[in-house]
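See below for the structure under consideration.
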Amino acid sequence: MFATLKFPVMGFTEIRLIIKRNYKWLVELVGADLEIEVSESDFVIKQ
């Protein structure tokens, strides 16, 4: 599932949700080949 970050990380806003861990999500920054953890309030799911 893809989503958009509310605030860019390293210039990237598009993310792919990988797995939910407790209160945060492990996501991949699309185009950066980097995984980070973000909270649900930091992104909006694409429809």
Side-chain angles (χ1 to χ4, degrees):
M1 185 178 329
F2 290 89
T4 303
L5 289 171
K6 293 181 180 178
F7 303 101
V9 174
M10 296 175 45
F12 296 93
T13 56
E14 301 300 314
I15 58 173
R16 183 175 64 87
L17 304 176
I18 298 173
I19 190 167
K20 186 173 183 179
R21 295 181 175 172
N22 297 323
Y23 300 103
K24 293 192 174 191
W25 279 86
L26 177 65
V27 303
E28 174 190 357
L29 288 175
V30 175
D33 198 28
L34 181 68
E35 294 179 355
I36 60 172
E37 284 190 341
V38 295
S39 68
E40 289 185 343
S41 62
D42 293 334
F43 63 86
V44 177
I45 296 177
K46 288 187 172 184
Q47 295 190 23

Rounded distance [0.5 Å steps], [atom1] in [X] versus [atom2] in [Y]:
X	Y	atom1	atom2	value
Ile15	Leu26	CD1	CG	10.0 Å
Met10	Leu5	CE	CG	12.0 Å
Glu28	Glu14	CD	CD	12.0 Å

Which pair of heavy atoms, one from [X] and one from [Y], lies closest together, and at what distance?
X	Y	value
Val27	Ile18	C-CD1, 3.9 Å
Ile45	Ala3	CA-CB, 3.9 Å
Phe12	Val30	CD2-O, 3.4 Å

> Can you name the residues that form a salt bridge (charged side-chain N to carboxylate O under 4.0 Å, His left out) with Glu40, not counting sequence neighbours?
Replying inline: Lys20
> Is there a donor-acceptor contact under 3.5 Å from the side chain of Lys6 to the main chain of Val44?
Replying inline: no
> With the 4.5 Å side-chain cut-off for hydrophobic clustering, are Phe7 and Val38 part of the same group?
Replying inline: no
